[in-house]
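Step one of this worksheet: look at the structure below.
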Amino acid sequence: MSNEFEMAFAGGPFDHDETNRSPEAVQKAVKNPKARALLLHKGNPAIRPDGNLVKIKPIDLIGKNIFDPGPIYLGVDNGAPLFAASMADESDAMGGEFANMRLAAGQMSLPDLAVAGRARALLDWHFNHQFCAKCGKKSDAREGGLKRLCTFCHTEHFPRVNPVVIMLVIHGDKCLLGRGAGWPDNAYSCLAGFVSPGETIEEACKREVWEETGVMTTGHRYIMSQPWPFPAQLMMGMICQAEGTNLNINTKEIEAANWYTREQVAAVYNKTGDAFARLPRFTIAHHLLKYWIEN
Ligand SMILES: [Zn+2]
């Protein structure tokens, strides 16, 4: 891609400020007059009527009902420290409304997706990892929410990012797209799957394509990646070559898969064809297909 920040949920110019997180540094950031906080409820951000994120002063969180661990420090947004809090009450959207982020993503700006995605991934991790996985005692957030520490057995716990391969399988002038059960009508996308312990991303790509469609592949090549905060995947976009076009669909994994010509894919992108439903711009699959038809 010409500009990496075309990718939704990627950090872009947002500074995560991960080396400046002593208790004193985080306190100083909270007290900065420019500091602001995002509000989320069940992972969904508060959005103002004009479509931008609600950003309040951290002091206005006092007295509100906030889930563990309280406000977390996301980083520095255009010179202003930015925090995020998981609100317990849906009525606490403070001048906005909590919007389903997956549905709202298509209308949100890239800078807003960068910070809301990071907030969602981190707050979701805290919510689901309040207890030490080693000894079972309650752990505490540290470094503004970048890790948790069990003060009983002294184990540190770090936010999880789960690696997923997503791949465009090519055969000559055709590419292979599949769909899951229950997807919207005519929705097709790149095949994808979690990387398993003990395999490279190339091996994961080869295994997933074989398991889902019975197609053998070679030439697995990394193209681009995307953080995907539903809840915390790192999508690693690959392209690979199919050895043949015969399909043996594993319906336990996917509902269907079809080969589409470059012409059909280009027509979907130019809005002159409807061989399958156009993928939302905030998905890496959209960018992988665009990369293929443009290169
Ligand atoms: Zn412990």
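Predicted model, so just to flag it, every value in this text is computed and none were measured. Whatever order the structure lists them in is the order used to number ligands and atoms, beginning at 1.
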Hydrophobic side-chain clustering at under 4.5 Å (ILVMFWY, transitive links): who's grouped with Leu234? Put none if nobody.
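The other cluster members (ILVMFWY side chains, heavy atoms under 4.5 Å, direct or chained) are Val161, Val165, Met167, Val169, Leu176, Leu191, Val195, Ile201, Val209, Val215, Tyr222, Met236, Met238, Leu247, Ile249, Ile254, Trp259.
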Can you list, by chain and residue number, the hydrophobic cluster partners of Ile59 when the side-chain cut-off is 4.5 Å?
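Ile62, all in the cluster of Ile59.
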Answer yes or no on whether Arg36 is positioned over the face of Phe83, meaning its NZ or CZ is under 6.0 Å from the six-membered ring centre and within 45° of the axis.
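Not satisfied by the 6.0 Å and 45° rule.
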Which residues satisfy the side chain to side chain donor-acceptor pair (under 3.5 Å) test with Glu97, sequence neighbours excluded?
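With sequence neighbours excluded, Glu97 shows a side chain to side chain donor-acceptor pair (under 3.5 Å) to no residue whatsoever.
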Give a yes-or-no answer on whether the side chains of His16 and Arg118 include a donor-acceptor pair shorter than 3.5 Å.
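Yes, Arg118 and His16 have a side-chain donor paired with an acceptor closer than 3.5 Å.
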Take the angle between the ring planes of Phe127 and Phe67 and call it parallel below 30°, perpendicular above 60°, tilted in between.
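Perpendicular: the ring planes of Phe127 and Phe67 meet at over 60°.
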Using a cut-off of 2.8 Å, count how many protein N, O or S atoms are strictly closer to the Zn ion (ligand 1).
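Count of protein N, O, S atoms less than 2.8 Å from the Zn ion (ligand 1): 4.
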